[in-house]
S.K.: 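First the structure, then my questions, so here it is.
Only a predicted model underlies this, so the values are computations on that prediction, with no experimental measurement involved. Just so we're on the same page: letters track the sequence lines, and every chain starts at 1.
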Amino acid sequence: MPELPEVETIVRDLRPHLRGARVAEVRLGHPSVIRHPDPAAFAAGLAEARLGTIRRRGKFMLLDLAGPRLTAGSVLVVHLGMSGTLCLADPAEAERRHTHLRLRLDRGRELRFVDPRRFGRLLLGRPAELQRLGRLPRLGREPLGPAFAADWWAGVLHASRRPLKALLLDQAIVSGCGNIYADEALFLARLRPGRRADRCTAAQAEALRRALPIVLRAAIRSRGSSIADYRDGFGARGQAHESLFVYGRGGLPCVRCGAVLRRAVVAGRTTVSCPGCQR
DNA sequence: CACGACACCTGCCGGC
DNA sequence: TGCCGGCAGGTGTCGT
């Protein structure tokens, strides 16, 4: 899926086009992507709603809403799963297969959620309420925020016997990192993905903490990785996949030392790393 | 409690 | 050409 850089790119693309718009028509596709409330109430809540700002939290998108049938503080929550896209389209444009939400706006454009695999999710409600109902998970710290601090990170690693990669992928610890950028950050930090967290030195822990935002910011500058399904807020591909060092390069030479990159399963996910320069 | 295995889906690619 | 297995950027649940 879209990881933090992809979601951030979409949010930045959509923000100026959504803020202040009013929903003129709601159309739903497959009901299983609507996780809260039931599809009828979901559609009714969105009808006539006024859109506010859109923001990112981890891999989630939160769109502020105000409407006649909505309680104050309601948001539309979008998670793209593995194959989801959230794009602006011309209302006259033919509907792509697997379109699960169309919000026609009064500005003559339409917001569309398309997701072939249906691992993505849509929710409507107040975030605190959704969390209380167990519909939204508790998320860990934002790797691009000030709370992603050295002492906290050192403590997290010290307290865990899990592989480093498992910690990076754990959304309750770090929110927004996924399989691509976990591998890239570990490569940049020169640390093996399977390395036990509590066996890292302080310097190694700090190298990884510094590497993650570098990798994520570079990917945002390249507008995200479009390996298969990912598209930005206007339906265009990103370029970040063109400059990945390890992800998807198993069996190819390491750009840093020339060793053959190793492909393995770590924390249940396909993982690529360099046996030559990662320890 | 912490962790791994598996399920949830469709599409695409390579091998036979 | 077609069928089949394997694989994919994520995460929720269940069992050990």
S.K.: Can you give me the dot-bracket string for DNA chain C, 5' to 3', counting Watson-Crick and G-U wobble pairs with both distances under 3.5 Å, using [ ] for crossing pairs and | for partners on another strand?
M.R.: .|||||||.|||||||

S.K.: Applying side-chain contact (heavy atoms from CB on, under 4.5 Å), can you list everything that pairs with A/Asp151, at least two apart in sequence or on another chain?
M.R.: A/Ala149

S.K.: Given atom CZ of A/Arg135 and atom C1' of C/dT13, what is their separation to the nearest angstrom?
M.R.: 15 Å

S.K.: Sticking with atom P, work out how far B/dC9 lies from C/dC14, rounded to a whole angstrom.
M.R.: 15 Å

S.K.: Looking at residues at least two apart in the chain, or sitting in another chain, which of them share a side-chain contact (heavy atoms from CB on, under 4.5 Å) with A/Leu252?
M.R.: A/Arg249

S.K.: Give every residue pair that meets the side-chain hydrogen bond (donor to acceptor under 3.5 Å, both in side chains) criterion with at least one member in residues 231-245 of chain A, sequence neighbours excluded.
M.R.: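 Of all non-adjacent pairs touching residues 231-245 of chain A, those that pass side-chain hydrogen bond (donor to acceptor under 3.5 Å, both in side chains) are A/Arg223-A/Asp232.
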
S.K.: Answer yes or no: is there a side-chain heavy-atom contact under 4.5 Å between A/Leu4 and A/Ile220?
M.R.: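 With C-beta onward as the side chain, the pair touches.
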
S.K.: Which is true for A/Arg35 with a 4.0 Å heavy-atom rule: it touches a base, it touches only sugar-phosphate, or it touches nothing?
M.R.: nothing

S.K.: Out of C/dC7, C/dG12, C/dG10, which nucleotide sits closest to the side chain of A/His79?
M.R.: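 Of C/dC7, C/dG12, C/dG10, C/dG10 is nearest to the side chain of A/His79.
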
S.K.: Just how far, in rounded Å, is P of C/dG6 from CZ of A/Arg269?
M.R.: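 Atom CZ in A/Arg269 sits about 19 Å away from atom P in C/dG6.
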
S.K.: Which residues in residues 113-128 of chain A have a heavy atom closer than 4.0 Å to any atom of DNA chain B?
M.R.: A/Pro116, A/Arg117, A/Arg118, A/Phe119

S.K.: If you walk 5' to 3' along DNA chain B, what is the first nucleotide with an atom under 4.0 Å of a heavy atom in chain A, and what is the last?
M.R.: B/dC3 to B/dG11

S.K.: Could you check A/Arg118, A/His100, A/His98 and say which one makes a side-chain hydrogen bond (donor to acceptor under 3.5 Å, both in side chains) with A/His30?
M.R.: A/Arg118

S.K.: Kindly write out the residues that satisfy side-chain contact (heavy atoms from CB on, under 4.5 Å) with A/Thr99, not counting sequence neighbours, or none if the list is empty.
M.R.: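 Residues passing side-chain contact (heavy atoms from CB on, under 4.5 Å) with A/Thr99: A/Glu95, A/Arg96, A/Arg102, A/Val114.
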
S.K.: Got a sec, which pairs hit side-chain hydrogen bond (donor to acceptor under 3.5 Å, both in side chains) with one end in residues 268-279 of chain A, sequence neighbours left out?
M.R.: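 Applying side-chain hydrogen bond (donor to acceptor under 3.5 Å, both in side chains) to every pair that reaches into residues 268-279 of chain A, excluding sequence neighbours, yields A/Lys165-A/Thr271.
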
S.K.: Which whole-number value in Å describes the distance from A/Leu80 CG to C/dT11 C1'?
M.R.: 14 Å

S.K.: Please tabulate, for side-chain N and O atoms in residues 42-54 of chain A, each donor-acceptor pair with protein atoms closer than 3.5 Å (sequence neighbours left out).
M.R.:
from    : atom 1 : to      : atom 2 : distance (Å)
A/Arg50 : NH1    : A/Gly20 : O      : 2.8
A/Thr53 : OG1    : A/Arg19 : NH2    : 3.1

S.K.: Using a 4.0 Å heavy-atom cut-off across all strands, classify A/Arg97 as base, sugar-phosphate, or nothing.
M.R.: sugar-phosphate

S.K.: Applying side-chain contact (heavy atoms from CB on, under 4.5 Å), can you list everything that pairs with A/Ser74, at least two apart in sequence or on another chain?
M.R.: A/Leu70, A/Thr71, A/Arg126

S.K.: Start at the 5' end of DNA chain C and walk down; is the nucleotide closest to A/Asp229 or to A/Gly134 reached first?
M.R.: A/Asp229

S.K.: Using a cut-off of 4.0 Å on non-hydrogen atoms, how would the nucleic acid contact of A/Ser32 be classed: base, sugar-phosphate, or nothing?
M.R.: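 Contact class for A/Ser32: none.
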
S.K.: What is the distance, to the nearest angstrom, from the CD atom on A/Gln131 to the C1' atom on C/dT11?
M.R.: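 Whole-Å distance recorded here is 16 Å.
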
S.K.: Are OP1 or OP2 of C/dT11 and a side-chain N or O of A/Gln171 less than 4.0 angstrom apart?
M.R.: yes

S.K.: Sequence neighbours left out, what passes ring pair (Phe, Tyr, Trp, His ring centres under 6.0 Å) with A/Phe187? Give chain and number order.
M.R.: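 In terms of ring pair (Phe, Tyr, Trp, His ring centres under 6.0 Å), with neighbours along the sequence ignored, A/Phe187 is linked to A/Phe245.
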
S.K.: Please give the distance between the P atoms of B/dC1 and C/dT11 as a whole number of Å.
M.R.: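 Going atom to atom, P in each nucleotide, I get 22 Å.
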
S.K.: Counting the atoms with a prime plus P, OP1 and OP2 as sugar-phosphate, which does A/Gly178 contact under 4.0 Å by heavy atoms, base, sugar-phosphate, or nothing?
M.R.: sugar-phosphate

S.K.: Considering only NZ, NE, NH1 and NH2 on the basic side and carboxylate oxygens on the acidic side, decide whether A/Asp229 and A/Arg117 come within less than 4.0 Å.
M.R.: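 Salt bridge absent between A/Asp229 and A/Arg117.
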
S.K.: What's the gap between C/dC7 and B/dA5 when it is taken at their P atoms, as a whole Å value?
M.R.: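 That atom pair is separated by 15 Å.
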
S.K.: Run the ring pair (Phe, Tyr, Trp, His ring centres under 6.0 Å) test against A/Phe148 and tell me which residues pass, sequence neighbours left out.
M.R.: A/Trp152, A/Trp153

